[in-house]
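Report on one structure; see the data block that follows.
First the proteins, then the strands, lettered A, B, ... as listed; each starts at 1. Computed from a predicted model, the values in this text were never measured in an experiment.
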2 protein chains.
Amino acid sequence: MNPTIKDVAKAAGVSITTVSRVLNQYSDVNPKTRAKVLKVVEQLGYKPNSVARSLVMNRTNTVGLVVSDLSRSRNGHHFMFEVLCGINDRVQELGYDLVLFSTSTTAQKKTPYMDFVRQRRVDGVLMMGIRLDDPYTHEVVAASVPSVLIDVPLTSQTCSYVSTDNIAGARMAIEHLLELGHSRIGFVNGHAQAAVSQERLQGYRMALEAGGIAYDPQLVYYGNFEQEDGAIGTAELRSRFDDLTAVFFASDLMALGALKYVQNLGLRVPENLSIVGFDDIELAALMQPMITTVRQKRYEMGRSAAESLIRILEQQEQGRGIILPPELVVRETTAPHS
Amino acid sequence: MNPTIKDVAKAAGVSITTVSRVLNQYSDVNPKTRAKVLKVVEQLGYKPNSVARSLVMNRTNTVGLVVSDLSRSRNGHHFMFEVLCGINDRVQELGYDLVLFSTSTTAQKKTPYMDFVRQRRVDGVLMMGIRLDDPYTHEVVAASVPSVLIDVPLTSQTCSYVSTDNIAGARMAIEHLLELGHSRIGFVNGHAQAAVSQERLQGYRMALEAGGIAYDPQLVYYGNFEQEDGAIGTAELRSRFDDLTAVFFASDLMALGALKYVQNLGLRVPENLSIVGFDDIELAALMQPMITTVRQKRYEMGRSAAESLIRILEQQEQGRGIILPPELVVRETTAPHS
DNA sequence: CTGTTAGCGCCTTCAA
DNA sequence: TTGAAGGCGCTAACAG
């Protein structure tokens, strides 16, 4: 059995309180006593039981990460993983532990996240991959537990969100295509229940109109961020417009699917079709041709989210929106309209 | 403030003990009392405080996942993430929570994992990405906390490990190349402090010798599983042997690096050089040409690891080795020796 | 500077 | 079938 504070106290010939004091860096402890206690702590290999401490402090030093469909979506493998790394790193740097809690939209796992929060007594929650129509999100936002949402623009006193400036990102992509002389530009978006989809659509539209081109909803296809959606969306848009010369995709995975698809059709990219993706996942630069895309700082998103969460729960700030700038990465799938 | 068991007891007009009984499915409680308590629980939205429960039960219902360099290694992004998903899913299915604990080999983060285990009072630990020469691994293996290692073949009463049959995997790869008529076959291995590297080397050697070809250490290069190592290793081996016609890589990422490298050199794959990777990461099938590789069931590894861990800690089994079969996936980077 | 006392929220004998 | 009492390991007033 692990030694407890009581064992230490006994071995050091002091009271439990005194041990607790030296352990918690109290100043009012006789240096000699402190040394003695520390020595015993060392000898016994005593480690404070954080469960007991959590109970009395009413604080677990733990934050939860609620992820929707971590395993299911392949897009997640690219987007979420890096965010997760950022979260994990920052959380640990700040002295907290991270507990994972993933939910399946498909399964009947209708677990209100708040139950998880309250049972496990996490000090705060991060959420990602959550859809706008998710019924339980608002519970969390409204609750008094600090929370941070990734890519869901909601805030409250104790809730921040972190997102990329998707409007700007989409604008960059479209402006780039416009500058290359394209005018019939399709958009294969993500599903409508993602805030990022709505924002990217807005950016797409704004850039087009700023370029003097009327917005045509027929040029927009809604996919689900996955590879096959890129192919299907492209096929659909091409069937609607035979003068389509460029397509913007809401994810690199979809751009990749489209790339493979049109290459199979015998078309050349970018000569016959220009393609711009979104995310800048590792794959983008490995494709042949390398995919032009809009980079999101995923790792940074994770770090910022963790940081904000912990600042909120340490009462150093209030919920706020944190928007990271995207970056256009011009590679090989875009060329002037011939 | 969240209601406690005391609030429930008071509201239901019974004792705390009784509430505890109905919550823990005890049979000896009057149906009427039970109904009443349950109703109050419902009304108050009472959720048992798992911290308090953990303290008294001396059991947290939580398992820890110790990962080395989660964020750093790009190979991790491909291998570890899927294992993580498998672990996460299975752990959750079995009613446990997962807490992440990542260590940096680089940083001075010389945290003995056992400290984490003992402080957080996790019921068991999973470890992956750990090197053979890691000083703290043995502490965990020898400890009484249940543990499961990924890709480190050590067992004890309370420690299992999960791995792919790397010897068989390497053999498959080499036998495939042998059958295609190759005889000068290089091997770009991972670093020597990974058990998988040693096993794959063994498989490489066995297959070669079974094919009547003497093992030549000069044909083996040790990299670090990353993309650039594939290029460097290939360059090195080609400089040593001008009749090199095939190379086997201990990771797809290295195979990919090599592929890019030799393509840049103006060589054709597989015509001028046959390449076989390991892992079957998503990228492998997206490359041009698609990479022939040895598939590891990463998600399954995660699931098995979680499963074994929990069986050990629920005293349903003892530590054991779990070896999953690999699978050769022949694609486009291998061709007959001309 | 140090010890005593009283819980944190829950489970678990032991009686009734 | 139920309740009272004790304790899990620790922190936090409050005395001394």
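Atom-to-atom, NZ of B/Lys10 to P of C/dG9 comes out at 12 Å; the value is rounded to the nearest Å. Here the C1' atom of nucleotide D/dC10 and the CG atom of A/Asn58 are 14 Å apart, to the nearest Å. Taking atom CZ of B/Arg118 as the reference point, atom C1' of D/dC10 lies 16 Å away to the nearest angstrom. With rounding to whole Å, B/Leu55 atom CG is found 14 Å from C/dT12 atom C1'. Note: CD (B/Gln119) to P (D/dC10) measures 10 Å, nearest angstrom. Rounded to whole Å, the distance from NZ on B/Lys36 to C1' on D/dT1 is 12 Å. Atom CG of B/Asn49 is separated from atom C1' of D/dC8 by 13 Å (rounded to the nearest Å).
Take the nearest nucleotide of DNA chain D for B/Arg121 and for B/Arg34: the residue whose nucleotide is more 5' is B/Arg34.
For the residue pair A/Ser160 and A/Ser308, a side-chain donor N or O sits within less than 3.5 Å of a side-chain acceptor on the partner. Using modelled atom types and a 3.5 Å distance limit, the side chains of B/Ser15 and B/Thr18 yield a donor-acceptor pair. Using a 3.5 Å distance cut-off with no hydrogens or angles, the side chains of B/Arg120 and A/Asn49 do not pair a donor with an acceptor.
Note: A/Phe225 and A/His191 have perpendicular aromatic rings, judged against thresholds of 30 and 60 degrees for the angle between ring planes.
Within the 4.0 Å cut-off from OP1 or OP2 of C/dT2, not a single side-chain nitrogen or oxygen of A/Ser15 is found.
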> Can you give one letter per nucleotide of nucleotides 11-16 of chain D, going 5' to 3': B for a protein heavy atom under 4.0 Å from the base, S for sugar-phosphate only, - for none?
Replying inline: BBBB--
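Across all strands, A/Asn30 comes closer than 4.0 Å only to sugar-phosphate atoms, never to a base (heavy-atom distances). Using a 4.0 Å heavy-atom criterion, one finds that B/Val51 contacts no nucleic acid atom at all. At a threshold of 4.0 angstrom between heavy atoms, the contacts of A/Thr33 are confined to the sugar-phosphate backbone, with no base atom among them.
A salt bridge links B/Arg303 with B/Glu93; the closest basic N to acidic carboxylate O contact falls under 4.0 Å. Under 4.0 Å is where a charged nitrogen must lie from a carboxylate oxygen, and between B/Glu314 and B/Arg311 no such pair does.
Here the OG-CG distance, from A/Ser102 to B/Leu84, works out to 9.0 Å after rounding to the nearest 0.5 Å.
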